[in-house]
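Right, one structure below, let's go through it.
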Amino acid sequence: MLCRGTFQAGNVAIGDHNQCSKRFFNSVSIGYRKSFVSSCSVGARSGPVLAVATNETTKSKQMAYEPSLADRLRLGTMSEDGMSYKEKFIVRCYEVGINKTVTVETIANLLQEVGCNHAQSVGFSTDGFATTHSMRKLHLIWVTARMYIEIYKYPAWSDVVEIETWCQSEGRIGTRRDWILKDCATGEVIGRATSKWLMMNQDTRRLQKVTDEVRDELELYFPKELRLAFPEENNGSLKKIAKLEDPAEYSKLGMAPRRADLDMNQHVNNVTYIGWVLESIPQEIIDTHELETITIDYRRECQQDDVVDSLTSVEPIEDADALESHGANGSATAQKDVNKSFLHLLRLSSDGLEINRCRTEWRKKSARI
């Protein structure tokens, strides 16, 4: 989780996209995801450093981190100041849905992937948890509290997407991670995302404040000045999600997690919840619209034996002025023709306890050649 610099919607291409294309096509295909070996990445290079807090002092000592084979093969690099991380991905055929473009679940998975790769690239845990030395010592892990994704254009099969990510402090109880997604061929920003993460004790499953020891490790890689993927005032990522009232207009009942839905922390993966939410969207919306924004608040863990209900209702809009601002969603680059928004609730079938609540906005599908 890690970087900074003010994002401006009117000047979104971070660096020359021609350089992006040049760097990409100077690579050699080896036939699987992260399947290009950069002409300058296979040779000897110095690795990043890992901050390790000692018991004797709050200062950190530096320990060399040797890049793994995966580090050298993936198309990911740290920024020059070490405060952000960029990685390129080729859209695979199995990541494309009924619209002949990637699904929002694919995008969420890529965000998760680049975030974990960022953490590993600075020497944090290589077991997939992105934990620091002190966190592992204290049996602490990260859990998602909120995710907000805004998509302006969906990539298609064989498109190359570059994702930049960085992490920074979010008060005393957590951190935030932001992302910017670009079409590598054109430099166009095609999406943005932000998230909030809390620290949990892996044994007790209770939330815990970020300790000074852990914060000292993390802040080595935090931008020195605040950088937000959504710097606009009243942007969609700040909007609270109203509670969906019973009875819901649409529902999908009795969904159960598959074994493949569980992550390394032994609970349902964050992306699975997004799929469950979309299961209760009416088919006529799926046929005529595409998802533009999704906000999801995570409130309770879901285990393998749980059974889940997905509930959806149209979000009430009080007046025409609210509808227009609702559609623009605070983004200068977002289309203004969003005309459908929904509230969602995932709950346990057994006792009705809330797992998470969600809000989605949908725009009319554009004609495709």
Side-chain angles (χ1 to χ4, degrees), residues 97-99 103-105 107-108 111 144-154 191-196 229-230 232-253 255 270-300 302 308-349 352-366:
I98 60 175
N99 293 332
T103 63
V104 67
E105 292 100 318
I107 289 177
L111 298 181
T144 316
R146 166 173 271 223
M147 174 72 74
Y148 176 78
I149 303 173
E150 191 168 289
I151 306 166
Y152 314 131
K153 177 184 176 182
Y154 282 88
R192 294 183 283 170
T194 187
S195 59
K196 295 182 180 180
F230 298 94
E232 307 92 336
E233 293 184 7
N234 302 318
N235 66 79
S237 71
L238 304 175
K239 185 177 179 66
K240 292 184 177 180
I241 304 175
K243 185 177 180 180
L244 185 150
E245 300 295 338
D246 277 334
E249 297 177 52
Y250 311 96
S251 63
K252 179 77 171 182
L253 307 180
M255 297 183 296
N270 300 335
V271 180
T272 298
Y273 296 108
I274 295 176
W276 284 346
V277 163
L278 299 182
E279 280 298 305
S280 56
I281 286 286
Q283 186 61 43
E284 57 266 27
I285 297 298
I286 300 296
D287 293 339
T288 59
H289 290 68
E290 64 181 5
L291 182 68
E292 182 173 40
T293 75
I294 181 167
T295 315
I296 185 164
D297 286 340
Y298 297 89
R299 296 171 177 265
R300 176 174 280 100
C302 186
V308 176
D309 295 337
S310 176
L311 309 178
T312 292
S313 289
V314 175
E315 182 180 34
I317 299 178
E318 295 180 356
D319 52 50
D321 291 338
L323 176 60
E324 183 175 353
S325 62
H326 168 89
N329 195 39
S331 169
T333 54
Q335 297 183 25
K336 302 290 194 291
D337 61 351
V338 174
N339 60 357
K340 297 289 183 182
S341 61
F342 295 88
L343 297 176
H344 311 270
L345 176 69
L346 291 182
R347 68 184 185 190
L348 295 176
S349 300
L353 289 177
E354 183 176 359
I355 300 171
N356 57 47
R357 61 179 64 177
C358 181
R359 179 175 177 270
T360 59
E361 293 180 330
W362 301 74
R363 60 176 171 243
K364 281 279 189 179
K365 290 181 181 179
S366 58

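All values below come from the heavy atoms of this structure, side chains included, with hydrogens, waters and symmetry mates left out.
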Stepwise side chain to side chain contact (heavy atoms under 4.5 Å, CB included) test for K243 and L345: CA-CA 8 Å; K243 185 177 180 180; L345 176 69; 5.6 Å; no

Heavy-atom pair of closest approach, residues G191 and Y152: N-CD1, 3.7 Å

Smallest separation among heavy atoms of P247 and S313, with atom names: O-OG, 4.4 Å

Pair W276-K252, side chain to side chain contact (heavy atoms under 4.5 Å, CB included): steps then yes or no: CA-CA 8 Å; W276 284 346; K252 179 77 171 182; over 6 Å; no

Of T194, N270, I149, the residue whose pairing with L111 passes side-chain contact (heavy atoms from CB on, under 4.5 Å): I149

K365 side chain to I286 backbone, donor-acceptor under 3.5 Å: yes

Spacing of NZ belonging to K153 relative to CD belonging to E292, to within rounding of 0.5 Å: 15.0 Å

Beyond-backbone contact of T272 with M255, side-chain heavy atoms, under 4.5 angstrom: no

Distance (rounded to the nearest 0.5 Å) between L238 CG and E233 CD: 9.5 Å

Test item: R357 side-chain N/O and D297 main-chain N/O as donor-acceptor pair under 3.5 Å: no

Donor-acceptor contact present, side-chain R347 to main-chain L311, <3.5 Å: no

Geometric class of the F342/H344 ring pair [parallel <30°, tilted 30-60°, perpendicular >60°]: tilted

Point-to-point distance, once rounded to the nearest 0.5 Å, from OG of S310 to CD1 of I355: 10.0 Å

Shortest non-hydrogen separation from V104 to Y154 and the atoms involved: N-CE2, 4.3 Å

Smallest separation among heavy atoms of R300 and Y273, with atom names: O-OH, 4.0 Å

Distance-minimising heavy-atom pair for I294 and L291: CB-CD2, 4.1 Å

Approximate separation, where rounding is to 0.5 Å, of E245 CD and L343 CG: 9.5 Å

L346 vs E279, side chain to side chain contact (heavy atoms under 4.5 Å, CB included): CA-CA, chis, key distance, verdict: CA-CA 11 Å; L346 291 182; E279 280 298 305; over 6 Å; no

Backbone of Y250 reached by a side-chain donor or acceptor of T312 within 3.5 Å: no

Pairwise distance NE2(H289) to NZ(K340) - rounded to 0.5 angstrom: 6.0 Å

Candidate pair R192 and E150, rule salt bridge (charged side-chain N to carboxylate O under 4.0 Å, His left out), full reasoning: CA-CA 5 Å; R192 294 183 283 170; E150 191 168 289; 3.7 Å; yes

Shortest non-hydrogen contact between S280 and V277, atoms and distance: OG-O, 3.2 Å

salt_bridge(E361, R359) N-O dist < 4.0 Å: yes

Separation between CD1 of I285 and CD of E290, rounded to the nearest 0.5 Å: 12.5 Å

